S.K.: 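Following this message is one structure expressed as structure tokens.
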Amino acid sequence: MPELPDVACFKSYLDATSLHRKVTGVERLNAALLRDVSPAAFRKALTGHRFESSLRHGKYLFVRLDGGKHLVMHFGMTGFLKSSKHGSETPDPTQAEFLLDDGYHLAYVCQRKLGHLTVVGEPQELIERHELGPDALDNALDAAAMAERLSQSRAAVKSALMNQKLLAGIGNIYSDEILFQTRLHPSTPASDLDKATLRKLHRNMRKVLNKAIERDAKPNQLPRTYLLPHRHEDGECPRCGHPLETLKVSGRTAWLCPRCQS
DNA sequence: CCTATAGCCTGACGGC
DNA sequence: TGCCGTCAGGCTATAG
């Protein structure tokens with residue numbers, strides 16, 4: 001599930017439910033999801049500290065704790081957050097429960113356990129460790145900067161868009177939407193794109209991500225003129241009516257209109 | 001150096 | 001009904 005728009009919504013949810021509360025404990029912690037930190041150190045970094053603010057970079061969510069450290073959450077394919085009154089049921093695949101001092105807790109739920117949790121001093125440490133590129137919605141990433149980064153890649157433009165080292169935040173489904181709107185075939189080598197096309201790609205990337213956030217990161221609630229509501233078996237192109245097709249691009253399934261995206 | 005591929009983990013679904 | 005293969009909006013280590 002979680003690409004940039006999803007994580008942006010998780011951030012809003014966390015801000016609304018859990019910010020400014022103090023963590024009184026961590027329960028149901030699955031140590032297998034911790035990266036570069038022991039369970040003891042993870043608990044110690046959180047317990048007794050307040051969630052001060054949150055910040056998103058690509059598909060990562062950071063929560064600043066008083067004292068200056070940051071909780072880091074990545075959601076893999078199936079992760080999400082769920083706030084509940086303490087003592088009430090939390091979803092079965094909960095991998096960590098942050099108990100808060102207002103009687104609620106924030107559950108980190110991750111069915112397939114492909115996400116991970118850690119603690120860092122500053123977000124920049126994590127960004128450097130994973131060599132993440134700039135956030136796809138960073139205002140500093142203008143069309144020229146994006147062109148500069150994408151042109152480094154000779155891979156298919158879809159792979160380049162999904163490469164977190166070039167840009168952070170885009171995954172399999174939003175790359176399909178961005179390419180559909182730009183009328184670009186996913187297999188086009190990124191280094192082949194001319195300046196005008198790169199400019200359109202940048203504009204559509206921002207448009208698609210912002211619209212998805214506005215629609216709560218629910219692809220089916222995007223306008224009917226978008227690809228994603230039709231991205232399923234027997235789906236048809238909302239522009240020309242041609243049946244949508246799939247192909248594999250670096251191991252992922254790309255959906256496209258073969259007539260509009262040539 | 002680069003890009004493409006298998007593996008990680010679990011549940012849902014279709015075909016036999 | 002039960003079993004098996006395939007697939008799913010992720011990342012990363014490894015192979016070529």
Side-chain angles (χ1 to χ4, degrees), chain A residues 1-11 28 30-36 56-61 72-81 91-96 108-118 126-133 135-137 149-181 186-192 205 208-209 211-213 215-222 226-235 244-256:
Chain A
M1 190 200 297
E3 300 184 31
L4 186 155
D6 307 86
V7 180
C9 293
F10 299 162
K11 170 174 157 49
R28 297 178 63 181
N30 182 349
L33 273 71
L34 294 181
R35 289 290 173 85
D36 306 305
R56 185 190 57 70
H57 185 103
K59 303 174 190 173
Y60 286 85
L61 183 57
V72 185
M73 295 186 269
H74 188 279
F75 297 92
M77 299 263 272
T78 55
F80 62 94
L81 297 174
D92 201 41
T94 294
Q95 310 297 334
Y108 167 91
V109 189
C110 198
Q111 176 76 259
R112 284 171 63 190
K113 304 177 188 173
L114 294 174
H116 40 264
L117 299 169
T118 192
L126 190 288
I127 290 166
E128 284 170 15
R129 185 184 303 160
H130 292 270
E131 302 177 83
L132 297 179
D135 185 78
L137 283 180
R149 300 190 72 85
L150 289 185
S151 62
Q152 291 170 23
S153 173
R154 278 174 301 137
V157 60
K158 180 176 170 69
S159 306
L161 284 174
M162 291 194 297
N163 183 342
Q164 304 300 298
K165 295 183 182 183
L166 296 178
L167 312 176
I170 297 171
N172 197 30
I173 72 159
Y174 289 105
S175 61
D176 278 353
E177 184 67 59
I178 293 163
L179 292 169
F180 172 75
Q181 300 215 2
S187 302
T188 313
S191 51
D192 282 4
M205 173 183 78
V208 166
L209 296 176
K211 180 62 78 178
I213 293 169
R215 301 288 165 100
D216 235 8
K218 292 177 176 138
N220 287 334
Q221 288 178 23
L222 288 168
Y226 278 45
L227 172 78
L228 293 183
H230 311 276
R231 190 186 186 275
H232 53 74
E233 212 56 49
D234 301 324
L244 297 178
E245 289 182 359
T246 62
L247 85 152
K248 290 282 179 194
V249 177
S250 53
R252 313 298 299 278
T253 302
W255 288 73
L256 71 151

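Computed from a predicted structure; not experimentally measured. Throughout, a chain's letter reflects where its sequence line sits, starting with A, and its residues are numbered from 1.
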S.K.: For A:Lys165, give me all partners under side-chain contact (heavy atoms from CB on, under 4.5 Å), at least two apart in sequence or on another chain.
M.R.: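 A:Lys165 satisfies side-chain contact (heavy atoms from CB on, under 4.5 Å) with A:Glu131, A:Asn163 once adjacent residues are dropped.
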S.K.: Could you list the residues that satisfy ring-ring contact (aromatic ring centres under 6.0 Å, His included) with A:Phe10, not counting sequence neighbours?
M.R.: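 Partners of A:Phe10 under the ring-ring contact (aromatic ring centres under 6.0 Å, His included) test: A:Phe75.
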S.K.: Which parts of nucleotides 9-16 of chain B does protein reach within less than 4.0 Å, heavy atoms only, written one letter per nucleotide 5' to 3' as B for base, S for sugar-phosphate only and - for none?
M.R.: BBS-----
S.K.: Can you list the residues that meet the side chain to side chain donor-acceptor pair (under 3.5 Å) rule with A:Glu128, with sequence neighbours excluded?
M.R.: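 Checked A:Glu128 against side chain to side chain donor-acceptor pair (under 3.5 Å); matches are A:Gln124.
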S.K.: The criterion is side chain to side chain donor-acceptor pair (under 3.5 Å); which residues satisfy it with A:Gln181, sequence neighbours excluded?
M.R.: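 By the side chain to side chain donor-acceptor pair (under 3.5 Å) rule, A:Gln181 matches A:Glu177, A:Lys207.
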S.K.: For DNA chain B, please output the secondary structure as dot-bracket, reading 5' to 3'. Pairs are Watson-Crick or G-U wobble, both atom distances under 3.5 Å; mark crossing pairs with [ ], other-strand partners with |, unpaired with a dot.
M.R.: .|||||||.|||||||
S.K.: If the condition is ring-ring contact (aromatic ring centres under 6.0 Å, His included), which residues does A:His230 pass it with, not counting sequence neighbours?
M.R.: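 Not a single residue meets the ring-ring contact (aromatic ring centres under 6.0 Å, His included) criterion with A:His230.
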S.K.: Which residues pass the side chain to side chain donor-acceptor pair (under 3.5 Å) test with A:Ser250, sequence neighbours left out?
M.R.: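 Side chain to side chain donor-acceptor pair (under 3.5 Å) list for A:Ser250, sorted by chain: A:Ser159.
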S.K.: May I ask you to list the residues of residues 152-163 of chain A, by number, that have any heavy atom positioned under 4.0 Å from an atom of DNA chain C?
M.R.: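 Listed by number, there are none.
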S.K.: Could you work out, with salt bridge (Lys or Arg N to Asp or Glu O under 4.0 Å) as the rule, every residue matching A:Arg129, not counting sequence neighbours?
M.R.: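 Once residues adjacent in sequence are excluded, the partners of A:Arg129 under the salt bridge (Lys or Arg N to Asp or Glu O under 4.0 Å) criterion are A:Asp36.
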S.K.: Who passes side chain to side chain donor-acceptor pair (under 3.5 Å) against A:Arg56, sequence neighbours left out?
M.R.: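 A:Arg56 satisfies side chain to side chain donor-acceptor pair (under 3.5 Å) with A:Asp135 once adjacent residues are dropped.
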S.K.: Would you please name every residue forming a ring-ring contact (aromatic ring centres under 6.0 Å, His included) with A:His57, sequence neighbours left out?
M.R.: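 Scan of A:His57 (ring-ring contact (aromatic ring centres under 6.0 Å, His included), adjacent residues dropped) gives none.
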